[in-house]
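See below for the structure under consideration.
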Amino acid sequence: MTEPGKAAAAGSAAGHGGDDRHPDTADLRLPKVLAALADPVRLTTVRTLAALGESPCSELHRLAELRVSRSTFSHHQRILREAGVIRERIHGPQRILTVRRADLDVCFPGLLTAVLATSAELTGTL
């Protein structure tokens with residue numbers, strides 16, 4: 001017999017393909033996505049990651065030329081993941097990140113394209 005809290009947790013994980021760290025596409029919310037993208041470090045991270053396609057965390061941190069500590073970068077990744085902007089998968093000792101472009105386009109058509117097409121000068125990420 002399972003405890004009620006554990007059954008609920010197991011049920012919610014099933015809705016995420018067994019991964020409850022990423023929201024389902026249907027659960028993405030515009031205010032949370034916009035808030036995640038509003039930070040210059042997170043916006044630079046997403047812009048760099050979108051150009052790469054996918055990347056291990058350490059490589060992304062280096063290629064995006066971020067001047068934040070690894071722990072701060074991890075915090076920014078969590079905000080982006082919980083907002084549904086990026087997906088993280090574990091591959092051996094690495095965490096591989098990708099932008100959830102298709103999911104974002106389903107919920108907010110054209111948003112990511114517009115954000116990525118905006119010049120760095122206008123986004124304040126120079």
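As the structure is a prediction and not an experimental result, all values here were calculated from the model.
In this structure the side chain of Q77 reaches within 4.5 angstrom of the side chain of L97, judged on heavy atoms. Two residues are said to be in side-chain contact when any heavy atoms from C-beta on lie closer than 4.5 Å; H61 and S58 fail this criterion. A heavy-atom distance below 4.5 Å is not found between the side chains of T25 and L104. Side-chain atoms of R95 and R89, non-hydrogen and from C-beta on, never get closer than 4.5 Å to each other.
Tracing side-chain contacts under 4.5 Å through hydrophobic residues (I, L, V, M, F, W, Y), one never reaches I79 starting from V85; they form parts of separate clusters. Following chains of ILVMFWY side-chain contacts shorter than 4.5 Å, one cannot reach V106 starting from L116, and the two form parts of different hydrophobic clusters. Put simply, L52 and I96 are part of two different groups of oily side chains (I, L, V, M, F, W, Y) that touch within less than 4.5 Å, one to the next.
Between A83 and P23, the shortest heavy-atom contact is C-CG, 4.2 Å.
Between the CG atom in L30 and the CG atom in L37 there is a gap of 9.5 Å [rounded to 0.5 Å]. Annotation: the span from L34 atom CG to F108 atom CZ amounts to 7.5 Å, rounded to 0.5 Å. Interatomic distance, S55 OG to R62 CZ, rounded to the nearest 0.5 Å: 8.5 Å.
Of the candidates V99, L60, L66, L60 is the only one forming a side chain to side chain contact (heavy atoms under 4.5 Å, CB included) with T48. Exactly one residue among L63, T44, I86 makes a side chain to side chain contact (heavy atoms under 4.5 Å, CB included) with L49. That residue is I86.
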**OP:** Might you work through the side-chain hydrogen bond (donor to acceptor under 3.5 Å, both in side chains) test for T72 and S69, ending with a clear yes or no?
**Re:** CA-CA 5 Å; T72 299; S69 68; 3.0 Å; yes

**OP:** Apply side-chain contact (heavy atoms from CB on, under 4.5 Å) to E88 and H22, showing your working.
**Re:** CA-CA 8 Å; E88 177 184 278; H22 300 92; 3.9 Å; yes

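One N or O on the side chain of D39 and one on the backbone of R42 form a donor-acceptor pair closer than 3.5 Å. R100 places no side-chain N or O within 3.5 Å of a backbone atom of D105 that could act as its donor or acceptor partner.
Under a cut-off of 6.0 angstrom, the local environment of CZ in R78 is crowded, with over 12 non-hydrogen atoms contributed by other residues, nucleotides or ligands.
The pair R87-E54 does not count as a salt bridge, with every side-chain nitrogen at least 4.0 angstrom from each carboxylate oxygen.
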